[in-house]
There are 2 protein chains.
Amino acid sequence: MKLSKRGEYGLRAMIDLANWTTESAVVPIKDIATQEKIPVKFLEQILLMLKNAGLLQSKMGVGGGYYLAKPPEEITLGHIIRVLDGPLAPVRCVSQMAYEPCGCPDEETCGLRLVMLDVRNAIADILDTTTLADVIARTHQAQNNKTL
Amino acid sequence: MKLSKRGEYGLRAMIDLANWTTESAVVPIKDIATQEKIPVKFLEQILLMLKNAGLLQSKMGVGGGYYLAKPPEEITLGHIIRVLDGPLAPVRCVSQMAYEPCGCPDEETCGLRLVMLDVRNAIADILDTTTLADVIARTHQAQNNKTL
DNA sequence: TAGAATGTCTATATGACAAGTAGACTTTTA
DNA sequence: TAAAAGTCTACTTGTCATATAGACATTCTA
């Protein structure tokens, strides 16, 4: 039930980019890697995957870098995780994006499957409705609460 | 975010055992393996882990086998999964049973962490309140709905 | 127009872990 | 005492996570 490093790094990088986006800047990989303490070459691959998935855009050459393809309000954590880590579902037979039969005699009446479907939905309900903007808002909110 | 085969097999085996428990029987590994189509030697290890965790008891020798250490109403899916697959939390910095710092500058105000905490809680709320008895009940319920 | 700064792409290394297999050993019963 | 069961440890095999390396393409600027 664990998020991979790739997934975690990708999320952190996207949040980082969302913070820069307010100034509509283009951010080089190196800067993100330094900021988030991620191996540069690993981050390269991650950002490339996110670009190929249409979540990022990039500019080559001097002064180039990455930037969000859409405003932070329109990018969900669920989307990012699915690109980097695959389906959210704990078992394939309840996955929306990558269904596979699990071999139990009757999926329709399998109690375990029904519970796992609840789990999948609980996860997806959170991750598919939480955007990068929401994450940033929660961070600021927590910071304010702390200083009170 | 995926359950391992070990976890899935273990859950299915426990549910199987819970079904036999009504007759307070002792079930040999081979029978469970056949029923659930699980490799016998693999299932051996799984049941042993569950026994060492106190969820199963066993009887050696002819006529021996496994049986639940507690009634099905008292065994949660969360407990089984933790034994076989480790923590439920998607990242360790929100794990109750296996916390580890994640290296972000301030965990208390990390928005990503707060979201992941929600996810962990959503998963745990389901898995730690759903028992083997609940799974069996849902199966029966689904079967009844089907024949209506 | 050269060269430095950037992203792009593919290949490779390494270690951990999942999933499964093997076999010797112990206990119990008939 | 032999057969049927669980116990324990080691091993195999393949896949995947987590990187690392290096050649290449593009863009800017001096």
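Computed from a predicted model, the values in this text were never measured in an experiment. Atoms considered below: every heavy atom in the structure, side chains included; atoms not considered: hydrogens, waters and symmetry mates. Residue numbers start from 1 in every chain, and the chains themselves are labelled A, B, ... in the order their sequence lines are given, proteins ahead of strands.
- Qualifying salt bridge (Lys or Arg N to Asp or Glu O under 4.0 Å) partners for A:Lys41, counting only residues two or more places apart in sequence or in other chains: A:Glu44.
- Of all the residues in residues 57-68 of chain A, A:Ser58, A:Lys59, A:Met60, A:Gly61, A:Val62, A:Gly64, A:Gly65, A:Tyr66 reach under 4.0 Å from DNA chain C with at least one non-hydrogen atom.
- Listed by chain and residue number, A:Arg113 satisfy the salt bridge (Lys or Arg N to Asp or Glu O under 4.0 Å) test with A:Glu107 (two or more places apart in sequence, or in another chain).
- With sequence neighbours excluded, the residues satisfying ring pair (Phe, Tyr, Trp, His ring centres under 6.0 Å) with B:Phe42 are B:Tyr9.
- Regarding A:Ile38, its CD1 atom lies at a distance of 16 Å from the C1' atom of D:dT20, rounded to whole Å.
- For residues 43-53 of chain A, proximity to DNA chain C is found at A:Glu44, A:Gln45, A:Leu48, A:Lys51, defined as any non-hydrogen atom under 4.0 angstrom from a strand atom.
- If B:Lys5 and A:Pro28 are placed on DNA chain C by their nearest nucleotide, the residue sitting closer to the 5' end is A:Pro28.
- From the 5' end on, the contacts that DNA chain C makes with chain A at under 4.0 Å to a non-hydrogen atom open and close at C:dA4 to C:dA11.
- Residue side chain A:Lys41 reaches the base of D:dG22 through a donor-acceptor N/O pair under 3.5 Å, judged by distance alone.
- Under a 3.5 Å cut-off, the side chain of A:Thr130 and the backbone N or O of A:Leu127 do not form any donor-acceptor pair.
- Residue pairs meeting the ring pair (Phe, Tyr, Trp, His ring centres under 6.0 Å) criterion with at least one member in residues 91-110 of chain B, sequence neighbours excluded, do not occur.
- Going from atom NZ of A:Lys37 over to atom P of D:dT18 covers 18 Å, rounded to whole Å.
- The salt bridge (Lys or Arg N to Asp or Glu O under 4.0 Å) search around A:Arg6 returns none, not counting sequence neighbours.
- Summary of the strand contacts: A:Gly7 and B:Lys30 both lie near DNA chain D, and taking for each the nucleotide with the nearest heavy atom, the more 5' one is attributed to B:Lys30.
- Two residues are said to be in side-chain contact when any heavy atoms from C-beta on lie closer than 4.5 Å; B:Ile80 and B:Leu132 meet this criterion.
- Atom CZ of B:Phe42 is separated from atom P of D:dT12 by 18 Å (rounded to the nearest Å).
- Sequence neighbours left out, the pairs with a member in residues 84-94 of chain A that pass salt bridge (charged side-chain N to carboxylate O under 4.0 Å, His left out) are A:Arg92-A:Glu100.
- Every pair tested for ring pair (Phe, Tyr, Trp, His ring centres under 6.0 Å) that includes a residue from residues 112-148 of chain A fails, sequence neighbours excluded, so the list is empty.
- Evaluation of the salt bridge (charged side-chain N to carboxylate O under 4.0 Å, His left out) test over residues 120-142 of chain B, restricted to residues two or more places apart or in two chains, returns A:Asp118-B:Arg138, B:Arg82-B:Asp128.
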Scan the side chains in residues 59-71 of chain A for donor-acceptor partners under 3.5 Å anywhere in the protein, sequence neighbours excluded, and list what turns up.
| from | atom 1 | to | atom 2 | distance (Å) |
| --- | --- | --- | --- | --- |
| A:Tyr67 | OH | A:Gln57 | OE1 | 3.4 |

